[in-house]
Amino acid sequence: MFIIGSHLSSAKGFLHMGKEAVQIGANTFQFFTRNPRGSRAKKLDEEDVRVFLDFARKASVPVVLAHAPYTLNPCSKEEKTREFARMTLQDDLNRMEYLPGNLYNFHPGSHTGQGVERGIELIAKLLNEILWREQKTTVLLETMAGKGTEVGSRFEELRMILDRVHCRDKMGICLDTCHVYDAGYDIVNGLDEVLEEFDRVIGLENLKAIHLNDSKNPIASHKDRHEKIGKGSIGEKAFEKIVNHPALRGLPFYLETPNELEGYAGEISMLKGFVRS
Ligand code: FE
Ligand code: FE
Ligand code: ZN
């Protein structure tokens with residue numbers, strides 16, 4: 001089964017997102033758990049969640065991906081910034097228990113001058129404070145572009161975080177094609193080699209989701225500016241290989257391209273057309 005979807009606005013609730021996904025030809029979606037820039041989360045509407053879960057079962061939506069606000073910084077040098085990240089992530093994970101068996105993705109953060117090692121230590125420490133044995137959500141670290149002091153643009157850094165987390169089986173990785181390309185991994189000319197490196201350093205069994213984005217910038221630019229599929233430096237051909245790669249088979253793919261619903265529908269249809277059964 002090819003699992004494909006896009007980022008959707010969560011403003012109107014889960015059932016609305018489920019219907020929107022189906023409307024654009026998707027069978028999954030990503031959403032922000034709260035305003036990506038702000039901190040406030042609406043109270044979870046349990047009835048909406050109940051109706052959505054029923055809808056998802058009937059419409060064969062096998063999984064959804066929640067994305068933490070990207071302004072959180074779990075490895076800031078400021079203690080109150082880290083504490084805010086901890087509280088927000090913890091609150092999100094508690095809410096995710098209403099949708100058991102799904103995915104929750106977050107950006108590892110920026111070490112703000114303390115150095116990568118200290119950043120890794122702080123991220124792992126925070127995860128060890130909030131993860132619990134019985135939780136039903138898999139928490140994903142996203143591969144980053146390496147903008148500023150971002151942690152997680154090298155596979156080795158993500159591996160070091162995973163190695164330090166006690167609830168290791170609750171963790172995984174979300175690979176963002178724009179981010180890894182901007183970080184310097186050549187998924188255009190050497191997709192096999194990049195995935196082999198991922199396997200060697202982290203292990204492909206830890207890869208749980210893919211963000212499909214083209215990039216506005218060249219390889220190793222460390223910029224993180226997403227482009228529409230086929231309109232950027234990664235290009236259509238590379239995406240055709242990505243959605244057909246045996247190592248990625250069965251993973252959920254999420255578009256975070258600069259599009260409205262109609263644009264996402266077009267990209268989903270194009271990507272479905274690429275998939276060889
Ligand atoms: Fe992200
Ligand atoms: Fe992403
Ligand atoms: Zn990005």
Side-chain angles (χ1 to χ4, degrees), residues 3-10 17 26 28-38 63-75 85 88-89 92-93 96 102-110 119 123 127 137-155 157-158 161 171-185 187 194 198 202 206-229 231-234 238-239 242-243 248 251-259 263-264 267-268 271:
I3 308 172
I4 177 79
S6 70
H7 188 87
L8 296 176
S9 163
S10 57
M17 287 190 281
T28 186
F29 58 87
Q30 173 179 271
F31 62 98
F32 283 128
T33 52
R34 58 190 76 215
N35 180 329
R37 291 182 179 282
V63 67
V64 294
L65 173 58
H67 196 307
Y70 49 75
T71 45
L72 298 185
N73 190 358
C75 61
T88 305
L89 291 168
D92 278 355
L93 285 181
M96 286 298 288
N102 288 295
L103 305 169
Y104 179 74
N105 174 63
F106 76 103
H107 296 180
S110 299
I123 296 158
L127 285 167
T137 302
T138 302
V139 177
L140 308 183
L141 294 162
E142 183 166 351
T143 60
M144 301 312 292
K147 212 174 18 163
T149 63
E150 263 172 10
V151 177
S153 64
R154 304 299 309 169
F155 296 158
E157 297 170 12
L158 297 169
I161 298 169
M171 294 291 303
I173 303 289
C174 173
L175 185 148
D176 185 309
T177 56
C178 169
H179 297 177
V180 293
Y181 193 63
D182 286 13
Y185 292 101
I187 53 172
V194 171
F198 186 99
I202 305 179
N206 295 290
L207 186 54
K208 303 294 184 193
I210 306 285
H211 282 166
L212 280 180
N213 304 302
D214 213 323
S215 174
K216 285 193 192 295
N217 294 289
I219 187 165
S221 57
H222 304 291
K223 286 278 206 282
D224 189 3
R225 303 256 337 263
H226 302 183
E227 182 54 281
K228 295 184 170 78
I229 301 298
K231 301 277 189 285
S233 54
I234 298 177
F239 287 101
I242 289 165
V243 296
L248 309 180
L251 290 177
F253 292 90
Y254 298 91
L255 295 160
E256 301 176 304
T257 46
N259 276 306
Y264 282 139
E267 290 186 345
I268 288 168
L271 291 160

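Residues take their numbers from the sequence shown, with the count starting at 1. As the structure lists them, so they are numbered: ligands from 1, and atoms in each ligand from 1. All of these numbers come straight from a predicted model, not from anything done at the bench.
Proximity of the aromatic rings of Phe198 and Tyr185 is defined here by a centroid distance below 6.0 angstrom, and this criterion is not met.
Around the Fe ion (ligand 2), the two atoms OD2 of Asp176 and OE2 of Glu142 are separated by an angle of 90°, to 10 degrees. The angle subtended at the Fe ion (ligand 2) by OE1 of Glu256 and ND1 of His211 is 80°, given to the nearest 10°.
No side-chain heavy atom of Ile219 sits under 4.5 Å from any side-chain heavy atom of Asp182.
Checking side-chain atoms of Thr28 against main-chain N and O of Val63 turns up a donor-acceptor pair under 3.5 Å. Judged purely by atom type and a 3.5 angstrom limit, Asp176 has no side-chain atom pairing as donor or acceptor with the backbone of Thr143.
Counting only protein N, O or S atoms, 3 lie closer than 2.8 Å to the Zn ion (ligand 3).
Salt-bridge annotation for Asp92 and Arg34: present, with a side-chain N of the basic residue lying under 4.0 Å from a carboxylate O of the acidic one.
In summary, of the residues considered (His226, His67, His179, Gln30), a side-chain hydrogen bond (donor to acceptor under 3.5 Å, both in side chains) with His211 occurs for Gln30 alone.
Here the closest non-hydrogen pair linking Ile187 and Tyr181 is CG1-CD1, 3.9 Å.
Look at His107 and the Fe ion (ligand 1): an N/O/S atom of the residue is under 2.8 Å from the metal.
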